[in-house]
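A short worksheet on the structure shown next.
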Amino acid sequence: MAQCLYCGVLASDPQRGPSDWARAVVRGEQVLVCPGCQRLRPEWTEEAEDCPVCRSKRLSKALGDKVCRKCGHQWSEESFSLD
């Protein structure tokens, strides 16, 4: 189960509607930030990476690719070699 990047509280599924938890990419890893830490640490967004196209902080990461949840841009900073 996922936990808050800052306080370590375990994430819970929302009862109805969207989650109050924030999802971001920090230092190359996808993280969650609980509602309490979002209020207590508004500067947390400064640590979050942003989209190179639209500068949104709403990113997710899957299988090494980062995806902007605002504009849909997808990219990878990993390089692979078949040598």
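The structure presented is a predicted model; accordingly, all values stated were derived computationally and were not measured.
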- request: Could you check Cys51 against Leu59 for side chain to side chain contact (heavy atoms under 4.5 Å, CB included), going step by step and ending with a plain yes or no?
  value: CA-CA 7 Å; Cys51 173; Leu59 305 181; 4.0 Å; yes
query: Among all residues two or more places apart in sequence or in another chain, which pass the side-chain contact (heavy atoms from CB on, under 4.5 Å) test with Ser56?
result: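 Checked Ser56 against side-chain contact (heavy atoms from CB on, under 4.5 Å); matches are Cys54, Arg58, Cys68, Lys70.
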Residues which pass side-chain contact (heavy atoms from CB on, under 4.5 Å) with Glu43, listed by chain and number, not counting sequence neighbours: Arg41, Glu46
Considering non-hydrogen atoms only, spot the tightest contact between [X] and [Y] and give its length.
X: Ala22; Y: Gln38; answer: N-NE2, 3.2 Å
X: Gly72; Y: Val67; answer: O-CG1, 4.5 Å
X: Trp21; Y: Val9; answer: CH2-O, 3.5 Å

task: To the nearest 0.5 Å, tell me how far Leu10 CG sits from Cys34 SG.
output: 11.0 Å
- line: For residues 25-35, the salt bridge (Lys or Arg N to Asp or Glu O under 4.0 Å) pairs (sequence neighbours left out) are Arg27-Glu47
- request: Please list all pairs passing the salt bridge (Lys or Arg N to Asp or Glu O under 4.0 Å) test where one or both residues lie in residues 48-57, with sequence neighbours left out.
  value: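 Listed by first then second residue: Glu49-Lys66, Asp50-Arg55.
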message: Please list all pairs meeting ring-ring contact (aromatic ring centres under 6.0 Å, His included) that have one or both residues in residues 50-73, counting only residues at least two apart or in different chains.
response: His73-Trp75
Leu40: hydrophobic cluster co-members (side-chain, 4.5 Å):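 Same cluster as Leu40: nobody, lone residue.
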message: If hydrophobic residues (ILVMFWY) are linked whenever their side-chain heavy atoms come closer than 4.5 Å, directly or via other members, who joins Val26 in its cluster?
response: Leu5, Tyr6, Val31, Val33, Trp44
- prompt: Between Gln30 (side chain) and Lys61 (backbone), is there a donor-acceptor pair under 3.5 Å?
  reply: yes
field: Contacts of Gln3 that satisfy side chain to side chain donor-acceptor pair (under 3.5 Å) - sequence neighbours left out
entry: none
